[in-house]
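Here it is, the structure in full.
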Number of protein chains: 2
Amino acid sequence: MKKAYIFSVLSAIHPITVEAWADLQELFVPQQLNRNDYLVREGSRVNSCYLLTEGVVRVFYNKEGNEYNKTFFMPGTFPTPLTALLSDTPSSLSFQALLPSQLIKFSYSEFRVLFEKHRCLESLMLGILEQLWIKKERHDIHMVTNDATTNYMIFRQTFPELEKLIPQYHIASYLGITPIQLSRIRAQLVQTR
Amino acid sequence: MKKAYIFSVLSAIHPITVEAWADLQELFVPQQLNRNDYLVREGSRVNSCYLLTEGVVRVFYNKEGNEYNKTFFMPGTFPTPLTALLSDTPSSLSFQALLPSQLIKFSYSEFRVLFEKHRCLESLMLGILEQLWIKKERHDIHMVTNDATTNYMIFRQTFPELEKLIPQYHIASYLGITPIQLSRIRAQLVQTR
DNA sequence: TATATTCCTTAACATATGTTAATGTCCTGG
DNA sequence: CCAGGACATTAACATATGTTAAGGAATATA
């Protein structure tokens, strides 16, 4: 478990005191996932936060057997069923490792308890949500205002290398199109260039 | 300015102390908007939070002259350019009153300063972001997994009465379709029933 | 009251994307 | 080494939705 790495990720979002860090570390549980293993399944109740240290995780909705990829998590981000934790309801989303992955897991309720003792941890939580919101809004603007071709190119910039590591139908789902359509777009791009 | 109403909205999200409330009130500036007036224009720099007390406000992106409505704000919510405030960048979004509206406005930076003195205000901010995130996620799931007809019906449930108050092309834009298509959907719904 | 403006509806047409299906390649496990 | 499965590509076809255009109702303005 790369403590130094985790510390650097967190304190880049909001500075944390040595005391808070000491208490926080106590909550950490390392976790390994094989390719295609689930971190969280739709409908399950959860009480854990995750920080990805290696690999890739996707989040997706499932409606009538169809999966809709919402986003991909890369190392240094938090593949965590936030809404389920915050509202204490079963998760509407599934989280699945697309590559062999390593994470640290910690209890959300215990983390929350630490807020009382360490104000900086509450500020950290606020900082995480703020970052999330900013990213999300940027992403939304792209998805709504651009066509699929443009969004495909933005995907390649946003997640460099990822394209080579996962099947294209996951990317298509992320873009809101069929794999066939993505294939057409790719063919078009090659030809145009 | 309906202080009691504002207090009830805020303290429903997170309890605030009388001292914090006293300091917070000092920041409030009432504001009136006519129909079609702008609260925030795309590209402008901002330093204000808003709480809507009466009327309706829309947020939208603008790309190459096309407007894409992101959502509508109803009384008791915060038509605030969050990303612009948090990242201190020009707003990518515009906020416009669709009906004569009343708001209270307060300085984001002064609000933030109060966090030091009143921890409950930082918790309030966290609570607001949490609520926002939960709503947003639910909305996203709908938009991605449902067809436009279903989303139109969800719109009518989510914003009762609103349909009668604003032009249909704003609803169409919110649904991600053309006004013509919305018209077809409406015709179909009448016929089916 | 008459006229202009805004907005909704409908139709005809164009187009992009989904669907189904066939083919080929690569990779894996027996 | 071979057979099967997973995945990507391509084509033919179906379909939903956008586009353009016209007409009409409602509302606002002179």
Side-chain angles (χ1 to χ4, degrees), chain A residues 34-37 56 58 60-69 72 96-100 142-153 155-156 159 161-193, chain B residues 34-37 56 58 60-69 72 96-100 142-153 155-156 159 161-193:
Chain A
N34 295 319
R35 187 165 166 269
N36 295 333
D37 279 356
V56 176
R58 71 168 175 136
F60 63 98
Y61 326 116
N62 185 320
K63 170 110 177 190
E64 294 157 12
N66 299 312
E67 297 181 350
Y68 302 85
N69 286 339
F72 304 103
Q96 183 188 30
L98 294 181
L99 300 178
H142 288 153
M143 294 305 279
V144 171
T145 57
N146 296 326
D147 61 21
T149 304
T150 309
N151 281 328
Y152 172 54
M153 295 192 298
F155 161 82
R156 294 201 292 197
F159 302 103
E161 306 301 313
L162 186 52
E163 183 171 21
K164 297 165 195 150
L165 300 173
I166 65 177
Q168 281 183 33
Y169 57 78
H170 277 144
I171 301 171
S173 168
Y174 169 78
L175 295 172
I177 58 180
T178 57
I180 288 98
Q181 182 61 9
L182 177 55
S183 189
R184 286 195 277 239
I185 288 173
R186 287 160 54 82
Q188 215 175 11
L189 285 177
V190 170
Q191 206 183 15
T192 310
R193 187 177 356 124
Chain B
N34 295 320
R35 186 164 167 271
N36 296 332
D37 279 357
V56 175
R58 71 167 175 137
F60 63 98
Y61 325 116
N62 185 319
K63 169 111 176 189
E64 292 156 15
N66 298 312
E67 298 182 350
Y68 302 85
N69 286 339
F72 305 104
Q96 182 189 31
L98 295 181
L99 301 177
H142 288 152
M143 294 305 279
V144 172
T145 59
N146 296 324
D147 59 21
T149 304
T150 309
N151 282 327
Y152 173 54
M153 295 191 299
F155 162 81
R156 295 202 290 195
F159 302 103
E161 307 302 312
L162 186 52
E163 183 170 22
K164 296 164 196 150
L165 301 173
I166 64 177
Q168 280 182 34
Y169 56 77
H170 277 143
I171 302 172
S173 168
Y174 170 77
L175 295 172
I177 57 180
T178 58
I180 288 101
Q181 181 61 9
L182 178 56
S183 189
R184 288 196 275 240
I185 289 174
R186 286 161 55 82
Q188 215 176 12
L189 285 176
V190 170
Q191 206 182 17
T192 310
R193 184 174 0 120

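Not measured: the values here are computed from a predicted model. Just the heavy atoms: all of them, side chains too, but no hydrogens, waters or symmetry mates, feed the values below. Each chain gets a letter, A, B and so on, in the order its sequence line appears, and its residues count up from 1.
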(request) For the residue pair B/Leu189 and B/Met153, establish whether any side-chain heavy-atom pair is separated by less than 4.5 Å. (result)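 In contact.
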(request) Mind checking the CZ-CG spacing from A/Arg58 to A/Asn36? Nearest 0.5 Å is all I need. (result)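 One gets 8.0 Å once the value is rounded to the nearest 0.5 Å.
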(request) Return the value, rounded to whole Å, for the distance between atom CZ of B/Arg35 and atom C1' of D/dA28. (result)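 Spelled out: CZ on B/Arg35 to C1' on D/dA28 is 11 Å.
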(request) Answer yes or no: does a side-chain N or O of A/Tyr169 lie under 4.0 Å from OP1 or OP2 of D/dC7? (result)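 The answer is yes; a side-chain N or O of A/Tyr169 sits under 4.0 Å from OP1 or OP2.
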(message) How many whole angstroms separate atom NE2 of A/His170 from atom P of D/dC7?
(response) 8 Å
(message) In this structure, how many angstroms lie between the P atom of D/dT20 and the CD1 atom of B/Ile180, rounded?
(response) 10 Å
(request) Identify whether any heavy atom of A/Arg186 sits under 4.0 Å from a base atom; if not, whether one sits that close to sugar-phosphate; answer base, sugar-phosphate or nothing. (result) sugar-phosphate
(request) Please state whether the rings of B/Tyr174 and B/Phe159 are parallel, tilted or perpendicular, taking 30° and 60° as the class boundaries. (result)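 Perpendicular, since the angle between the ring planes exceeds 60°.
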(request) Write down the distance between CD1 (A/Ile185) and P (D/dT9), rounded to a whole number of angstrom. (result) 12 Å
(request) Ignoring the backbone of B/Arg184, work out which of C/dG18, D/dT19, D/dA8 is nearest its side chain. (result)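 The listed nucleotide nearest to B/Arg184's side chain is D/dT19.
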(message) D/dG18, OP1 or OP2 - any side-chain N/O from B/Thr178 closer than 4.0 Å?
(response) yes
(request) Round to a whole Å and report the spacing from CD1 of A/Ile166 to P of D/dC7. (result) 12 Å
(message) Return the CG to CG distance between B/Asp37 and B/Leu99, rounded to the nearest 0.5 Å.
(response) 12.0 Å
(request) Report yes if the side chains of B/Tyr152 and B/Glu163 come closer than 4.5 Å at any heavy-atom pair, otherwise no. (result)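 Counting from C-beta outward, B/Tyr152 and B/Glu163 do come under 4.5 Å.
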(request) Could you tell me whether A/Ile177 contacts a base, only the sugar-phosphate backbone, or nothing, with contacts defined as non-hydrogen atoms closer than 4.0 Å? (result)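 Touches sugar-phosphate only.
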(request) Return the value, rounded to whole Å, for the distance between atom CG of B/Asn36 and atom P of D/dA28. (result) 13 Å
(request) Take A/Gly176 and B/Pro167, find for each the nucleotide of DNA chain C with the closest heavy atom, and name the residue whose nucleotide sits nearer the 5' end. (result)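 Checking each residue's closest nucleotide, the 5'-ward one belongs to B/Pro167.
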(request) Starting at atom NZ of A/Lys164, determine the distance to atom C1' of C/dC27, rounded to an integer number of angstrom. (result)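 About 20 Å, once rounded to whole Å.
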(message) Let me confirm one number: the CG-CG distance from B/Asn151 to B/Leu175, rounded to the nearest 0.5 Å.
(response) 6.5 Å
(message) Using OP1 and OP2 only, check whether a side-chain N or O of A/Gln168 sits under 4.0 Å from D/dT9.
(response)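 Looking at the OP1 and OP2 atoms of D/dT9, one of them is under 4.0 Å from a side-chain N or O of A/Gln168.
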(message) Heavy atoms within less than 4.0 Å of DNA chain D: which residues of residues 142-149 of chain B have one? Give them sorted by number.
(response)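 Going residue by residue through residues 142-149 of chain B, none turns out to have a heavy atom under 4.0 Å of DNA chain D.
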(request) Return the value, rounded to whole Å, for the distance between atom CG of B/Leu182 and atom C1' of C/dC7. (result)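 So the two atoms are 12 Å apart, to the nearest Å.
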